[in-house]
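Take a look at the structure below.
Chain letters run A, B, ... following the sequence lines, proteins first, then strands; residues in each count from 1.
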Amino acid sequence: MPIKDYLQEGVFLHPFSDQSGCTLFNDRSTQMLTLFFSESELLNILTQFYCDPTKLPDDRRSICFALLRQDFIHPTKVAA
Amino acid sequence: MKTFDLLLPPFNFRISTDIPLVIENLQVIYQQQLFAANTLPFIDYHLSVVFTNGLRKWVKPQARFFCDQHEPFKPLNESQAFAMLEWGMNWAIASYEMRHVIIHSGVLAKHNQAVLFPAPPGSGKSTMTAHLAFNGWQLFSDEMALIKPGTNIVTPFARPICLKNQSITLARKWFPEASFSSIAKDTHKGDVIHIAPPVSESTLFTDAPISAIVFPTYSAGSDIDIVALDQAQAMHHLADNAFNFSVLGNEGFATLCHVVEQAQCLQIHYSDVNDVQAFLEQDILAHE
């Protein structure tokens, strides 16, 4: 699943060319967030989060919940 | 009441005032850029700094700042009227300018390569800006970088440099020939002075690409310490200093990303501005 499918409508992702991380911008809330994960790391984290968030380390799970709270990612695909 | 047109590319201001201190400082600081009213063909911002009415005009007189009919600040002591006008100009651009992505940053250029110095108050940004501006660099701005959306091109907006407290003595020693405003005493930033930068007509209108972003921190008595930042770290710091990218939406966001991708990003701890100048000229800027 491509990473853009996890992102809410109006959220833009920029992966930095030096692989140091990526930054997200929510056009609706105008919030911006910089993450120190490459795009592929973020994709792995989100995939894991939507499959079974309990298997993620605490720090990564809390980042995902922050993304959720700030409307960067869809809420509906989170496993029950 | 006197009214002037002020040419500050890329903007034109019309300034009205009945305060002699403001008139004197405008003439000292802006010189060739100050014109009689209705000289410039169009005006972007109409500003005024005027005495308060009634008894306050005679007892501890105060000054009020207006941008059109809007009064964004509380009145200040008359001695702070010119500083208030300068801060008001910054406020007007930060509030209403939508043609550029704005970053709170000093900006200087050499060999047509611009360097941004985004930093919070107290980092020594203005002192370093003044030093470089009087030592062969072109001042683009002491306060804000105006970046053309979708590019890494910065537009000059050369204004007087605002120096505070101990920097005032230092600047008078370093640049004895420069034009200084009167001192605005006991402002919320302490004692404040404005110094006219060396500008030439040709450089007022010349854009430059951003080659480097330097986050400076003054640290008394320390040796210069330079740390390269990766792009994610640089974006994290730069976003803290960005004014209006959220208003511009994705275009503003994409511009910030593009700027970070194209520039070298560094954090510099320093105590001597000469060390910073030497490092930038030898190791960062490509020579012509």
Side-chain angles (χ1 to χ4, degrees), chain A residues 1-50 56-75, chain B residues 94-98 100-105 116 118 120 145 147 149-152 209-215 226-267 284:
Chain A
M1 189 167 170
I3 197 162
K4 70 177 172 53
D5 289 351
Y6 292 117
L7 304 179
Q8 293 263 31
E9 197 180 328
V11 172
F12 299 89
L13 172 84
H14 178 86
F16 289 110
S17 60
D18 66 356
Q19 305 297 314
S20 59
C22 49
T23 185
L24 294 154
F25 176 67
N26 186 330
D27 202 15
R28 291 177 175 175
S29 66
T30 72
Q31 291 207 66
M32 185 163 74
L33 193 67
T34 301
L35 299 170
F36 296 91
F37 303 120
S38 67
E39 185 178 6
S40 59
E41 285 173 311
L42 181 60
L43 178 60
N44 287 337
I45 291 166
L46 291 177
T47 304
Q48 183 81 69
F49 181 67
Y50 284 117
L56 273 174
D58 286 348
D59 57 338
R60 297 190 171 205
R61 191 168 57 245
S62 65
I63 287 170
C64 291
F65 278 118
L67 290 172
L68 206 54
R69 264 198 318 275
Q70 295 176 49
D71 289 332
F72 284 105
I73 57 176
H74 289 292
Chain B
S95 302
Y96 295 120
E97 171 56 18
M98 297 299 152
H100 296 88
V101 177
I102 303 178
I103 296 172
H104 181 231
S105 172
L116 303 191
I147 302 169
T151 75
N152 70 333
I210 298 164
S211 292
I213 305 170
V214 174
F215 299 92
I226 300 154
V227 179
L229 298 180
D230 61 41
Q231 291 170 349
Q233 290 170 320
M235 187 65 163
H236 182 67
H237 291 303
L238 197 64
D240 287 342
N241 292 283
F243 282 175
N244 66 342
F245 75 91
S246 57
V247 179
L248 296 174
N250 187 41
E251 190 179 34
F253 171 68
T255 303
L256 290 187
C257 294
H258 184 62
V259 166
V260 167
E261 288 276 356
Q262 299 294 314
Q264 293 185 71
C265 303
L266 306 156
Q267 202 157 40
I284 297 299

Next on the checklist: Before you tell me yes or no, could you show the steps for B/Val247 and B/Met98 under side-chain contact (heavy atoms from CB on, under 4.5 Å), namely the whole-Å CA-CA distance, both residues' side-chain angles and the distance that decides it to 0.1 Å?
Outcome noted: CA-CA 8 Å; B/Val247 179; B/Met98 297 299 152; 3.5 Å; yes

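- The distance between the ring centers of A/Phe25 and A/Phe72 does not fall below 6.0 angstrom.
- Only the side chain of A/Thr34 has a heavy atom closer than 4.5 Å to any heavy atom of chain B.
- Heavy-atom pairs under 4.5 Å with chain A were tallied for B/His236, B/Glu261, B/Met235; the largest tally goes to B/Glu261.
- Looking at B/Gln231, both its backbone and its side chain come within 4.5 Å of chain A, counting heavy atoms on both sides.
- Residue A/Asp27 touches chain B through its side chain alone, counting heavy-atom pairs closer than 4.5 Å.
- Although no hydrogens or angles enter the test, the distance criterion places a donor-acceptor pair under 3.5 Å between the side chain of A/His74 and the main chain of A/Leu7.
- The aromatic rings of B/Phe243 and B/His104 lie parallel to each other, with less than 30° between the two planes, well short of the 60° mark.
- Heavy-atom pairs under 4.5 Å with chain B peak, among A/Gly21, A/Ser17, A/Gly10, at A/Ser17.
- Ring centroid separation for the pair A/Phe12 and B/Phe253 does not come in under the 6.0 Å cut-off.
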